[in-house]
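Reading through the structure tokens given below for one structure.
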Amino acid sequence: MTLTAERHDTALPETAGVFERTDFPTDTAHEQVTFFQDPATGLKAIVAIHDTTLGPALGGTRFYPYADEAAALKDVLRLSRGMTYKSAIAGVDLGGGKAVIIGDPATGKSEALLEAYARFVQTLGGRYITAGDVGTNSDDLDVMGRATDYVVGRNTSAGGSGDSAPMTALGVFQGMRAAAQAKWGTPSLAGRTVGVEGTGKVGYQLIKLLLADGASVVATDVDAAALDRVARDFPEVKIASSVIGQELDVYAPCAMGATLTDESVAAITAQVICGAANNQLAHPAVEHDLGERGITWVPDYVANGGGLIQVAGERLGTSADDVRAQVEKIFATVVRILDVAKRDGILAGAAADAVAEARIAAAK
């Protein structure tokens with residue numbers, strides 16, 4: 001792939017634009033990767049469009065203080081590929097894309113920066129549609145909506161479907177129930193101990209569902225305020241500095257990715273892993289290690305598809321009840337994937353990939 005510098009026809013500052021990269025990975029299968037910068041607001045962003053076979057690429061915008069631009073590029077390439085597979089297996093007519101804004105949202109976020117970013121998204125002409133992710137929320141998406149038509153997940157007062165965290169959590173919960181059925185013969189989490197790593201938007205909603213189902217919950221987060229909220233609202237939840245290594249039945253990674261490493265897998269006591277975090281495997285061989293230990297892993301892009309289903313429904317005007325019904329079908333999807341994996345003697349990740357790739361191939 002060759003990336004070329006270009007100027008935008010929209011009313012952007014003269015200093016803003018797309019800049020050329022000469023160190024772009026040559027082994028990527030992405031259709032388009034665009035680097036945006038706006039010195040006036042401090043914006044530096046990357047939009048990666050992986051595949052548009054099934055429709056325009058949709059994926060959230062992650063606002064995160066990456067160590068450097070290379071780390072941001074690596075993340076957005078992995079995340080956008082995951083969105084292609086997530087859309088395919090969720091049954092929505094969307095492709096895969098993702099965006100990252102490089103910076104600390106606590107100190108660098110401003111309405112001017114968000115609007116500048118949205119103007120850049122607009123120049124892509126609908127090939128990429130943004131939504132929320134780590135570091136961005138529905139209020140931010142409302143601001144973006146002033147400058148682009150290609151944004152979903154805004155507040156209901158702004159014409160959107162609102163926060164997608166509840167539906168994302170519901171999908172994870174349904175995937176967890178399916179894995180519990182495969183492992184223990186019942187879809188209930190009652191009496192099970194679940195370690196929730198990351199108690200932000202999705203993790204908080206997942207804890208609520210788990211407690212209602214009768215599970216015991218151990219929770220951790222690097223954000224003290226997020227943990228304080230959990231401790232205040234759910235006093236029965238055990239707060240821990242780490243959930244890996246705790247005596248668990250289920251481990252639910254709901255923060256950043258790559259928490260499943262060679263080291264962490266050796267320490268995990270849980271027999272089921274199902275969470276909302278993207279790209280949970282530090283490298284593909286980790287899933288083999290999980291399989292060797294008899295641990296059932298639900299592929300992340302399958303479990304966390306609820307938010308995508310919601311915003312896809314927002315574009316089509318689907319009712320909230322119909323969206324919820326579609327999210328609940330994640331249970332059946334995970335059952336199917338685990339059945340295929342068992343029948344064919346393959347890992348769940350390979351089984352999920354095969355289902356997603358078959359749909360994309362049929363569309364092509």
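For reference, positions follow the sequence shown, starting with 1. Values below: all heavy atoms of this structure, side chains included; hydrogens, waters and symmetry mates excluded.
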Exercise. Under the side chain to side chain contact (heavy atoms under 4.5 Å, CB included) criterion, do I330 and V334 qualify, and how do the steps go?
Worked result: CA-CA 6 Å; I330 289 175; V334 173; 4.1 Å; yes
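- A salt bridge is defined here as a Lys NZ or Arg NE, NH1 or NH2 lying under 4.0 Å from an Asp or Glu carboxylate O, and K201 with D163 fails to meet this definition.
- Screening I273, D300, I295 for a side chain to side chain contact (heavy atoms under 4.5 Å, CB included) involving L260 leaves a single residue, I273.
- The only option from V217, V196, L210 that meets the side chain to side chain contact (heavy atoms under 4.5 Å, CB included) definition with V237 turns out to be V217.
- For Y301 against A356, the heavy-atom pair with the smallest separation is OH-CB, 4.4 Å.
- For the pair T168 (side chain) and G307 (backbone), a donor-acceptor distance under 3.5 Å is present.
- Cluster membership check: I89 shares its hydrophobic cluster with Y85, using side-chain heavy-atom separations under 4.5 Å among Ile, Leu, Val, Met, Phe, Trp and Tyr.
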For this session: Applying side-chain hydrogen bond (donor to acceptor under 3.5 Å, both in side chains), run through S319 and D321 and close with a yes or a no.
Result: CA-CA 5 Å; S319 72; D321 287 343; 5.5 Å; no
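- Contact record, N278 with K98: ND2-NZ, 4.2 Å, taken as the closest heavy-atom pair.
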Exercise. Can Y251 and T259 be said to form a side chain to side chain contact (heavy atoms under 4.5 Å, CB included), step by step?
Worked result: CA-CA 11 Å; Y251 166 49; T259 60; 3.0 Å; yes
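- By the 4.5 Å heavy-atom criterion applied to side chains, V286 and W297 are not counted as neighbours.
- Nearest heavy-atom pair, V152 versus E314, reported as atom, atom and distance to 0.1 Å: CA-OE2, 3.5 Å.
- Side-chain atoms of F120 and D38, non-hydrogen and from C-beta on, do get closer than 4.5 Å to each other.
- Checking side-chain atoms of Q181 against main-chain N and O of V335 turns up no donor-acceptor pair under 3.5 Å.
- Atom CG of L347 and atom OG1 of T296 lie 11.0 Å apart (nearest 0.5 Å).
- For the pair K208/F234, a side-chain contact is recorded, criterion being any heavy-atom separation below 4.5 Å from C-beta on.
- Within the 4.5 Å cutoff, the side chain of R359 has no heavy atoms near those of the V355 side chain.
- Judged by distance alone, with hydrogens and angles left aside, the side-chain atoms of T220 form no donor-acceptor pair with the main-chain N or O of V243 at under 3.5 Å.
- Around CZ of R127, the count of heavy atoms belonging to other residues, nucleotides or ligands within 6.0 Å exceeds 12.
- In this structure the side chain of L206 reaches within 4.5 angstrom of the side chain of F173, judged on heavy atoms.
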Problem set entry | Residue pair E197, I244: steps toward the side chain to side chain contact (heavy atoms under 4.5 Å, CB included) verdict | CA-CA 9 Å; E197 182 178 73; I244 291 178; 4.1 Å; yes
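- Under the 3.5 Å distance criterion, with hydrogens and angles disregarded, no donor-acceptor pair is assigned to the side chains of T34 and Y128.
- The closest donor-acceptor contact from the side chain of D142 to the backbone of N155 lies under 3.5 Å.
- Applying the side chain to side chain contact (heavy atoms under 4.5 Å, CB included) test between R62 and each of D133, I102, T136 identifies D133 as the sole match.
- The pair D68-K74 fails the salt-bridge criterion, with no side-chain N (NZ, NE, NH1 or NH2) lying under 4.0 Å from an Asp/Glu carboxylate O.
- Between Q122 and R119, the side chains place no donor N or O within less than 3.5 Å of an acceptor N or O (distance only, hydrogens not considered).
- Heavy atoms from other residues, nucleotides or ligands lying under 6.0 Å from CD of E292 number 12 at most.
- Looking only at distances, a side-chain donor or acceptor of D249 sits under 3.5 Å from a matching main-chain atom of T193.
- Contact annotation: the side chain of F35 approaches that of L73 to within less than 4.5 Å [non-hydrogen atoms, C-beta and beyond].
- When all heavy atoms are compared, the tightest approach of P56 to D93 is CD-O, 4.3 Å.
- Residues D233 and Y204 have side chains that bring a donor and an acceptor to within less than 3.5 angstrom of each other.
- For the residue pair S80 and H50, the shortest heavy atom distance occurs at O-CB, 3.6 Å.
- Between E31 and T52 there is a side-chain heavy-atom pair separated by less than 4.5 Å.
- Side-chain contact between R324 and L170: present, with at least one pair of heavy atoms (C-beta onward) separated by less than 4.5 Å.
- Closest approach of S87 to L308, counting heavy atoms only: OG-CD2, 3.4 Å.
- Rounding to the nearest 0.5 Å places CE of M144 at 5.0 Å from OG1 of T61.
- No more than 12 heavy-atom neighbours from other residues, nucleotides or ligands sit within 6.0 angstrom of NZ on K329.
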